Amino acid sequence: MYTSNGIVYAGEPVAGIRVVDAGYLGNHMLLLTFSTGEKRLFDATRLLSMSAFSPLADEDVLKAFEIDHGVLTWQNGAIDIAPEALYRESFAYEQRA
């Protein structure tokens with residue numbers, strides 16, 4: 001656990017990692033591009049058991065994300081998830097030709 005700018009985060013910080021691009025694929029799946037250049041798939045259904053993320057059950061809410069300084073956010077920043085958590089809980093994505 002660590003604190004940054006008065007906010008407590010679970011896990012340990014990963015230096016320099018951030019979300020630089022994201023896309024909604026449907027069925028609660030997000031395609032994320034990280035500052036490492038890697039593209040990874042994230043299944044947002046894994047968040048829905050936690051009450052803080054329950055609004056994301058609505059796909060219209062889920063796909064209305066923003067990227068704020070490398071952090072994926074929803075509902076004007078009321079909901080966010082640390083990029084290192086997204087990275088850790090996502091899967092490598094390789095686009096086939």
Side-chain angles (χ1 to χ4, degrees):
M1 182 180 319
Y2 67 99
T3 304
S4 177
N5 296 325
I7 300 171
V8 177
Y9 297 90
E12 296 300 320
V14 177
I17 196 165
R18 54 189 167 63
V19 176
V20 296
D21 193 28
Y24 182 67
L25 301 177
N27 295 322
H28 287 86
M29 296 295 293
L30 298 168
L31 178 59
L32 307 172
T33 304
F34 290 90
S35 55
T36 61
E38 295 173 84
K39 289 186 181 288
R40 298 179 64 86
L41 288 172
F42 179 74
D43 182 354
T45 59
R46 60 189 316 123
L47 300 173
L48 301 181
S49 64
M50 296 176 270
S51 61
F53 297 107
S54 62
L56 303 183
D58 180 339
E59 289 191 77
D60 288 331
V61 173
L62 179 63
K63 65 184 176 184
F65 60 82
E66 293 184 13
I67 300 172
D68 184 13
H69 299 336
V71 177
L72 211 55
T73 69
W74 294 268
Q75 298 183 329
N76 295 318
I79 302 171
D80 65 33
I81 185 165
E84 56 270 11
L86 286 169
Y87 186 88
R88 183 178 57 250
E89 298 296 326
S90 61
F91 303 92
Y93 174 80
E94 293 182 27
Q95 189 170 3
R96 297 180 188 200

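Everything numeric in this text was worked out from a predicted model, so none of it was measured.
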### Summary
Here the salt bridge (Lys or Arg N to Asp or Glu O under 4.0 Å) pairs for residues 22-33, sequence neighbours left out, are none

### Listed partners of Thr36 passing side chain to side chain donor-acceptor pair (under 3.5 Å), at least two apart
Glu38

### Query
Roughly how far, to the nearest 0.5 Å, is NE2 of His28 from CG of Leu47?
9.5 Å

#### Entry: Test side chain to side chain contact (heavy atoms under 4.5 Å, CB included) applied to Thr33 - qualifying residues, sequence neighbours left out
Val20, Asp21, Lys39

### Pairs meeting criterion ring pair (Phe, Tyr, Trp, His ring centres under 6.0 Å) with involvement of residues 40-83, two or more places apart
none

### Summary
Heavy-atom nearest pair, Ala22 first then Leu32, reads CB-CD2, 3.7 Å

### Message
Taking Met50 as the starting point, is it possible to reach Leu72 by hopping between hydrophobic residues whose side chains are less than 4.5 Å apart?
### Response
yes

### Query
With side chains defined as the heavy atoms from C-beta onward, is the minimum distance between Asp68 and Asp80 less than 4.5 Å?
no

### Task
Check the pair Arg18 / Val71 against side-chain contact (heavy atoms from CB on, under 4.5 Å), numbers first and verdict last.
CA-CA 6 Å; Arg18 54 189 167 63; Val71 177; over 6 Å; no

### Task
Please test Leu30 against Leu86 for side-chain contact (heavy atoms from CB on, under 4.5 Å), starting from the C-alpha separation and ending with a verdict.
CA-CA 10 Å; Leu30 298 168; Leu86 286 169; 5.6 Å; no

### Task
Mind checking side chain to side chain contact (heavy atoms under 4.5 Å, CB included) for Val61 and listing every partner two or more places apart, or none if nothing turns up?
Pro55, Leu56, Asp58, Gln75

### Query
salt bridge (Lys or Arg N to Asp or Glu O under 4.0 Å): which pairs involve residues 41-53, sequence neighbours left out?
Arg46-Glu89

### Task
Would you list the pairs meeting salt bridge (Lys or Arg N to Asp or Glu O under 4.0 Å) in which at least one residue belongs to residues 22-34, sequence neighbours left out?
none

### Query
Using links of under 4.5 Å between side-chain heavy atoms of ILVMFWY residues, direct or through other members, which residues join Leu31 in one cluster?
Leu25, Met29, Leu41, Tyr93

#### Entry: Under the ring-ring contact (aromatic ring centres under 6.0 Å, His included) test, residues paired with Tyr87 that sit two or more places apart
Phe34

#### Entry: Contacts of Arg40 that satisfy side chain to side chain donor-acceptor pair (under 3.5 Å) - sequence neighbours left out
Ser90

